[in-house]
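Shown next, in structure tokens, is the structure this report addresses.
We name chains A, B, ... by the order of the sequence lines, and we start the count at 1 in each one.
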Amino acid sequence: MNVQQVPDIIFSTIAKNSFQALAPAWFEIKTNSEEILNVGGEWQHYFLEQPVAGQDVSQACEMLIGMLPMTENFELPQMQLLEHCYTDIFAIHDTNSDWLLFCDVTEKTNQLQTYQQTSNDLILIKDRLSRTLNRYVGQEVSERVNKGELKFDAAGERREISTLFVDIRGFTPFNECNDAQVVMQTLNAYMNCMLDSIMGNAGMVDKIIGDGVMAVFGVLPSQNHYTHDAFSAAQQIQTAVAQLNEQRLQAGLDILGVGVGIATGEAVLGILGTHERRAFTAIGRHVNLAARLESNARKGEILMDEATYIALEKPHALIAVTLALKDIGETQAYALLSNS
Amino acid sequence: MIQKKICILGAAGVGKTSLTARFVFSKFSDKYLSTMGVKIDRKQVEASGQVVNMMLWDIHGEEYKKIPTSYLRGASGIVTVIDGTRPNTVNVAHKILQRVNEELGTLPNIFLINKSDLEDDWNISDAMIQTLRDSGAPVYLTSAKSGDNVESSFLQLAEMLLNP
Ligand SMILES: Nc1nc2c(ncn2[C@@H]2O[C@H](COP(=O)(O)OP(=O)(O)OP(=O)(O)O)[C@@H](O)[C@H]2O)c(=O)[nH]1
Ligand SMILES: [Mg+2]
């Protein structure tokens, strides 16, 4: 919009209102110097002592040391000049003199603070939750080593396994519009669906990553073929999530979906660390593939690679798809979309 | 008296405000109040036999919103803070420094890997520390909570600024 097209009466009303809210103050400064030529506006809003002409800017406002003389325009948003007050500072480079404009943005900044606080709190809480879960995963590994269920030499052992990744879709936007406690409860509910299904099918949780889980099959003893275990776990995850969502819908809660990726192949297995802090690792080409497939899976979908599909003896319900995977390229995959 | 402006940068919640409060006021709080914009604190120290007034710019974390490089005008040094329990904050630190270097050139920097009191949750590998050291900047493990290494690392930065 062109300011000139705005009727004078409208313009002056807007100007008057925002003028009052912003409580502007300004210094006119001699070009190529730090010397204040004039002081105007509501300086009391920003300084304890009145800045005066003839003073250097850095004397009037210590924090501006090193910022002048001006060579270009710049902005310093949300500066806490006085305690609990936020000021946007505009440095304006003009032909005859330079200007510093101070505007009070305390109210707006306080509102934004609430949003930022919620969002940052969540980041810390989520990290803490996944650390707690991972520590539990680590203890589990230690226990299994002690019971003799996991035997690897330190150098690592090669073995054929299936790897499963699962992740909650759209959790980050969900985070941002809910309070920390709600998010924690929600994350926990979905996490439980994933972990129960994995552990109920001889899967071993390798790690918790943000809103998701990596698990391996073919490492813990099982009656079934590890690829079948992985596929059963994936299907059970989707069923459990669908059931959870039904309950949540009835309770008037937000619902989320999960995507699953499975790949099968050789991996080098190892145990890192000692005592209570053991961590299991699986390294192999198919592990990355499983992660990529998972990030391509939609809500309610299970995506698997060809090796998994063949090991499962090509179930009829699966649909062949060709995917362009990041860092991997065009890949033949097979998809199962749950009907919920 | 010598004045030096120092900017404290890093991801949100890594402990920038806590480290500043520990260094300047010998205080610590478990409560988290996320910083908006910039808060400035000062502390006089002695380095290389001279009195230096350190002006510390405690800047908001690089999460919710990018750090404007205008904040760094006139800065003599940088403190880049990482949360020792969150490896992702190392990447954020690298990203910020890269942007600062591109726009302002390199400034003397120290890395503080903070929250060293949380031993059980420590999650930074030696390899990660080595990549930080490879940039040429000193790396310290600090705790704003216990005060471990906080004063000494800030003093080290003051020394670096006086003896470039
Ligand atoms: N245990 C422990 N907690 C710490 C330490 N330093 C900071 N914290 C906690 O971590 C949380 C965040 O600390 P802040 O100092 O506010 O972090 P910040 O980097 O200033 O955060 P933003 O201003 O949002 O970018 C608070 O709950 C602090 O109590 C530390 O050394 N040890
Ligand atoms: Mg802060």
How many angstroms lie between atom [atom1] of [X] and atom [atom2] of [Y], to the nearest 0.5 angstrom?
X       : Y        : atom1 : atom2 : value
B/Met36 : A/Asn110 : CE    : CG    : 8.0 Å
A/Ile65 : B/Lys4   : CD1   : NZ    : 11.0 Å
A/Phe90 : B/Ser70  : CZ    : OG    : 10.5 Å
B/Lys39 : A/Glu83  : NZ    : CD    : 6.0 Å
A/Met70 : B/Arg73  : CE    : CZ    : 8.5 Å
A/Gln78 : B/His60  : CD    : NE2   : 6.5 Å

Determine the minimum heavy-atom distance between [X] and [Y], stating which atoms define it.
X        : Y        : result
B/Glu63  : A/Ile123 : CG-CD1, 3.3 Å
B/Tyr71  : A/Met79  : CE2-SD, 3.9 Å
A/Leu124 : B/Gly13  : CD2-O, 4.2 Å

Whether the side chain of A/Gln80 engages the backbone of B/Ile40 through a donor-acceptor N/O pair (distance < 3.5 Å, no angle test) should be reported. no
[X] portion near chain A, given a 4.5 angstrom heavy-atom threshold:
X       : result
B/Thr35 : both
B/Ile59 : neither
B/Asp41 : neither

Look at atom [atom1] of [X] and say whether more than 12 heavy atoms of other residues, nucleotides or ligands are closer to it than 6.0 Å.
X        : atom1 : result
B/Arg42  : CZ    : yes
A/Glu107 : CD    : no
B/Glu103 : CD    : yes

pair B/Val38-A/Met63: side-chain heavy atoms closer than 4.5 Å: no
Ranking B/Lys65, B/Gln3, B/Lys5 by heavy-atom pairs under 4.5 Å to chain A gives rank one to B/Gln3
Which answer fits [X], side chain, backbone, both or neither, if we ask what part of it has an atom under 4.5 Å from a heavy atom of chain B?
X        : answer
A/Leu112 : both
A/Gln116 : both
A/Asp88  : neither
A/Leu76  : both

